[in-house]
Every structure is written in structure tokens, then in C-alpha cells.
Amino acid sequence: MTAPRRRTDLSSLSPLLPRLSSAASNLLEMRQYGSRREGDGDGGLRNGRSRSASRPGFIDTSSWRFFDARAVGIPTGSIPRNCWTVLQMLKRKGFEAYLVGGCVRDLLLKRAPKDFDVITTASLKQIKKLVFKRCMIIGRRFPICQVKMHGSTFEVSSFSTNGTQVKGSENVNFSEELDGYDEGDIIRWKNSMKRDFTINSLFFNPFNYRVYDYVNGVNDVRKNKVCAVIPAHVSFEEDPARILRGLRIAARLGFQFSSETSTAIRDLSSSIINIDKSRLAMEMKYMLSHGAAESSIRLLGKYGLLDILLPLQAAYLSHQIKGQSSDRNLMLMKLLANLDKLTSADRPCHCSLWLALLAFHSALVNSPQDAQVIKAFASLMYFGTWDSTIKFLKQDTGAPVTFVPEALQPSGTKLNNLMEKTSHLASLVNCSVDTLTCLDALQQSLARYPKASQFSGLVFVSNKERSRILGIFKGLDSDLSLYDGRRGMHGINYKLLDDGHTGEVRFVLGKVIMDTMSDESLCASTDDDAFARKPVVDLAGGGKHPLSDSGES
């Protein structure tokens, strides 16, 4: 693989020029690259290009970059062993293979990637026939190979895969000369232009330690910006799910949107109603299961999407935030913040956990409970037996935190009555599950908020998930003296939590509620709870290993 070169002796490239011309003629799905964005200087022209460079059909090769991954602290040891196996198997069959997308971005930021996606010069048929014979080809619009390797799953895409023709591409006529760049550059650039955001358009070849950037993705990482690769309105009209992906990225990384991207999200937020329910459920899982639930809910509310996706929670927040400068002391946000302390990109939870958390909170909003009852309910899920719950409550000297309207001041409830009230709370929680899955139940709960936004009529939680959530609370609404939900371990088993194991989800749910109802965590600390996320590395100026600012070798 040769690096991008500036104009060289064309006689040495004569055998390659016909292929480059053919590649250029096949780039019809690319749009005008020189789109405008405010605040970047030079009259708002993106990437600092000249005004003449923004003409239709222009391919701005001046922004093409590569740099040594080791110079910015990405060791090959940061790639999981099973992922290395996938890459090496493709290479041994004669194909090029790269890491691509969010995992490259996260490695640059010294964060643990949520997953590792691979892209290769092999076609999907070649991947399945020659390399991974047991893999599955999935997806309609952008098919990929799903490869399972020793318990891990990787998505392997192909450079040769073409998505649905993009809007407006039939009017594009490329005229820019592509001499001085090899076919690998053309292929990678072409693929990067099909991606959603610039910071997701980076390629990493761990065999030569090079990171390739064709759309100024690294520059936007430096600026902590989320920017669409193509004009944002066109991008989101093409695929509304990109709106949710953008919000998820911004929430997890703490990034800001470019003004163009932010405006497009506001203008097209209602278009997410057209996304398939299973796709919505998947995007919501990615947003709320990986350690950024609190910030995700806040961003969804800011851009008006929470009214569509979780209207009851949106109405609650809108009602409660009146007269307050912050939402951080609201019970819902506290619950989500404590959930985020236990999860992360590489230690996610199953969606049933945050769905059960929302059902629990909805029950309290509709029927506020004694703070001691709430704590008993959480302790029972955490410890697994009523005897252990009572023992813990007797030793607990801290006063439970109260929230308005969910938690009432402790009334000194006697132990016998406490059991009855705890069981009653469980029955209320079971009923509130319907607000996530049933339109009628949701509308009835929304009736308490007369000023709530008009209901979209969307419920994306499936009946299968409803059954799973109800399983978490099973037995808690009956004779608690007979209840036994013990796990036999103290720390969190993140494999079971990600798989949605009922006992593990129940245990973590209990801990989240207990932490929320206490001034400090009173239940036993574990090594899991002490898990610290790696700090975000500021790639702005002053770093020890500056990135190259040209594509020259």
C-alpha cells in the first residue's frame, strides 16, 4: 500500500490511469464535497478550502491525510485478539483489511470502543466462500458479513458493496484530476463519502500502522465536533437513523454538533417516525445501554426527539424542570446517572435494564411511595431475600433521599406493613410496564400532563421485551417472605448483564435504585463499581505527537 502522493511523473502511472479514470466515472453517488459550514473561517467554507474549490464536481484531495497510528498512541495491542484473527485471516487470503468507523475514532480518543468493525477489499461472496464460511450476510440496504470468532461478533463490510443510490447523485459530474493517487486512495475515499459523520470515516490499517482520513475527520475530533460528511439535510433525509446515531455519538463523547448538522437535526427530527420499529429499538439500545443514558436523554429532549420516542418521560421532564436551573436533581436523571456509573461502551447492559428502570420510575410518578418502601423494594432485588433486606435496613443509618413527586418522606412504617407496601409497589411497577408497550396505557398516563406535546402514536418496545421486563419483577408482588432471588456472587457479571440474564439485570437494577435513594452508595462496593473509564485525550494543539498535515510520504 502506497501513501497518498502529490503530483508525480505521470509516465510511471500510465498503466494505472485507465483504472483511475474508470473509478472516477463510477463515483456518481458522491455529492458536492465542498459544502459550507459556519465558524470554520475562510468565509465559512468547510476545511478551509478556497471558494473555487467548492464548485460542483470538485474532489478536494488537499484534505486527504494519513499518519502513523503509533505517533498518536494507538498501539496494535489495543486491538482485541479475536479481531486480529479476523484481520489476519483476510490478509492471508490476499485481501486488504482495515478497521473502520467509530472504533478508530475511539482509539484516537483513548476510549474503549463499543465494537470493532472491519472493511476489506474482498467482496461479500468472497468473504463467505473463501474466508469465513460460517458467516452470515445480513442487511438489505448496506449488506455486511457477520463473523463470529471465539464468542465475539464482528461486522465485516466490503469496499465493493454499493448502497442505495443517493439523492441528487445523478446530477454530479466529477472533473477533478485524480493523478498522483493510487487506486487504494480512491477506494477508501469513495467509501468514506458514504458514511454518516466525518469522525466515523477513518480507516486504520494495523499492518502498516497507518490511519487514513479523507474528510477531515481527525480535524473534527480535535474540535470535539460531530459533522455530517455530506450536507446534513441530504444525509438525514437519506437515512433518518443517522440523526439518532449522531445524538448517540455526541452524548457518549460529550461532543457538539456543527451548526449545519444541528439545524438539520431540528428540521428533520420528526422524520424518525418513519424508521422501522426494530431499528428504533436498536438505536435506543445503543444510546442508553453504554454508559451515556443521562446525556442521551438530555440531548433527545433538547432536539425534540424524546417527545416522539419516550413521550411520558418527556412530559415528566418538561413539567418538573419548570422553575429549576438544572434537571440533575430530578429522580429520573439521578437514576440514569447511577446507571451510567455501572456501564460503559465495552461494558454495556441489556436494554431490559433501562426499560425496567423507566417502568419503575413511571410507577412512582403515577403513585408516589414512602422513601423507605422504595429502598426496601430496591434492597430486595439487590440482596435477593426479605430477611437480608430487613437486616440491611436495620443497619442502614442514613436517611433515604426524597424526590418530588416520586418519593415521600419516611413515615416510620412498621416491618409487617413494610412487606405489604413493598409488594404493592411491585404490582404497580408491573402495571407501569404497559406504558412502554401499549398505546392505550401510555395515553392514559400522559393524561396527567395536559400540556404534553401531541402524542406521536409510536411505541417501539416489543411484546418480547415486555415479557422480559415482567420477568425481572416476577414474584415481588406476592408473599415476600418466600421470595428468593439470590445470585451467589457479589460483583456484576457483565457478560450476563449484556445477555439480559434476569437475575443479573434485577441485581443491577436494585443497586441503581439503592444508590439513587441514598446520599452515598451504602451497598457493598465491588471491583466492578470501581471500574474507571479512560480519560478523553485532547487532540488539539500541544500534543506530543502531532498528526501529519499533508499526504506526502
Side-chain angles (χ1 to χ4, degrees), residues 29-49 54 60 63 100-102 104-106 108-109 114 142 163 166-169 189 191-202 213-275 279-280 283-284 286-287 292 295-309 536 539-540:
E29 66 268 34
M30 299 299 103
R31 273 141 298 191
Q32 178 181 343
Y33 186 49
S35 60
R36 292 180 177 271
R37 186 175 67 191
E38 295 179 4
D40 286 345
D42 195 24
L45 287 171
R46 184 175 179 172
N47 302 330
R49 70 189 82 237
S54 63
D60 184 16
S63 65
V100 65
V104 184
R105 173 203 70 215
D106 289 346
L108 277 173
L109 291 169
K114 177 175 67 68
F142 295 103
V166 295
K167 298 176 183 177
S169 59
W189 170 78
N191 183 271
S192 70
M193 292 297 291
K194 296 177 182 178
R195 296 187 174 273
D196 47 12
F197 302 103
T198 60
I199 58 178
N200 286 348
S201 302
L202 303 170
D213 176 13
Y214 298 90
V215 292
N216 269 13
V218 172
N219 191 45
D220 287 332
V221 171
R222 283 193 180 114
K223 295 179 178 180
N224 296 340
K225 287 286 186 181
V226 179
C227 311
V229 171
I230 59 176
H233 280 82
V234 177
S235 181
F236 298 154
E237 286 174 352
E238 190 177 299
D239 184 3
R242 287 175 173 172
I243 293 174
L244 296 177
R245 289 206 297 273
L247 290 169
R248 181 220 311 169
I249 293 168
R252 189 165 77 86
L253 300 181
F255 279 21
Q256 301 293 319
F257 291 107
S258 68
S259 59
E260 179 201 13
T261 305
S262 179
T263 299
I265 292 175
R266 292 187 185 280
D267 292 346
L268 300 173
S269 60
S270 61
S271 66
I272 68 167
I273 196 74
N274 300 316
I275 302 175
R279 179 75 179 279
L280 278 177
E283 293 295 341
M284 289 297 287
Y286 289 151
M287 293 185 81
S295 53
S296 293
I297 290 293
R298 191 170 286 117
L299 274 180
L300 287 171
K302 176 181 177 180
Y303 285 96
L305 283 88
L306 198 62
D307 292 310
I308 301 173
L309 296 166
V536 178
L539 292 182

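Values reported hereafter were calculated over all heavy atoms of this structure, with side chains retained and with hydrogens, waters and symmetry mates removed. All values reported here derive from a predicted model rather than from experimental measurement.
The shortest distance between side-chain heavy atoms of D239 and I275 does not fall below 4.5 Å. The shortest distance between side-chain heavy atoms of V215 and M193 falls below 4.5 Å. Two residues are said to be in side-chain contact when any heavy atoms from C-beta on lie closer than 4.5 Å; L109 and V221 meet this criterion. For the pair D307 and L300, the minimum side-chain heavy-atom distance is 4.5 Å or more. Side chains of M287 and L247 form a contact here, defined as non-hydrogen atoms less than 4.5 Å apart. Within the 4.5 Å cutoff, no side-chain heavy atoms of N219 are placed close to those of K225. With a 4.5 Å cut-off on side-chain heavy atoms, F257 and Y303 count as touching. With contacts defined as side-chain heavy-atom distances shorter than 4.5 Å, the pair I243/I265 qualifies.
The main-chain N or O of G217 is never found under 3.5 Å from a side-chain atom of T198 such that the two would form a donor-acceptor pair. In this structure a side-chain-to-backbone donor-acceptor pair under 3.5 Å is missing from E260 to C227. In this structure, S269 contributes its side chain and G304 its backbone to no donor-acceptor pair below 3.5 Å. Side-chain atoms of S235 do not come within 3.5 Å of backbone N or O of P231 as any donor-acceptor pair. Not a single donor-acceptor pair under 3.5 Å links the side chain of S262 to the backbone N or O of S258.
Here the straight-line distance linking atom CD1 of I199 with atom CG of D213 works out to 11.5 Å at 0.5 Å rounding. Here the CG atom belonging to L305 is positioned 10.5 Å from the CG atom belonging to L268, to the nearest 0.5 angstrom. The structure places CG of L280 at 9.5 Å from CD1 of I308, a figure rounded to the nearest 0.5 Å. To the nearest 0.5 Å, atoms CZ (R195) and CG (L202) are separated by 9.5 Å. Here I272 contributes atom CD1 and E283 contributes atom CD; the two are 10.0 Å apart, rounded to the nearest 0.5 Å. Taken to the nearest 0.5 Å, the OH atom of Y214 stands 10.5 Å off from the OG atom of S63.
The nearest pair of heavy atoms linking A228 to T261 is N-OG1, 3.3 Å. Residues S201 and S192 share a closest heavy-atom pair of OG-O, 3.6 Å.
Taking the centre and axis of the six-membered ring of Y286, the NZ or CZ atom of K114 falls inside the cone set by 45° and 6.0 Å.
Taking 4.0 Å as the cut-off between side-chain N and carboxylate O, D220 and R105 do not count as a salt-bridged pair. Salt bridge status for R245 with D196: present, with a side-chain N to carboxylate O gap under 4.0 Å.
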Kindly determine whether I249 and N200 satisfy side chain to side chain contact (heavy atoms under 4.5 Å, CB included), including the steps that lead there.
CA-CA 10 Å; I249 293 168; N200 286 348; 3.2 Å; yes
Could you walk me through whether L108 and V218 pass side chain to side chain contact (heavy atoms under 4.5 Å, CB included), step by step?
CA-CA 9 Å; L108 277 173; V218 172; 4.2 Å; yes
Apply the test side chain to side chain contact (heavy atoms under 4.5 Å, CB included) to residues L244 and R248: give CA-CA distance (whole Å), side-chain angles for both, the deciding distance (0.1 Å), then the verdict.
CA-CA 6 Å; L244 296 177; R248 181 220 311 169; over 6 Å; no
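For F236, there are no ring pair (Phe, Tyr, Trp, His ring centres under 6.0 Å) partners, not counting sequence neighbours.
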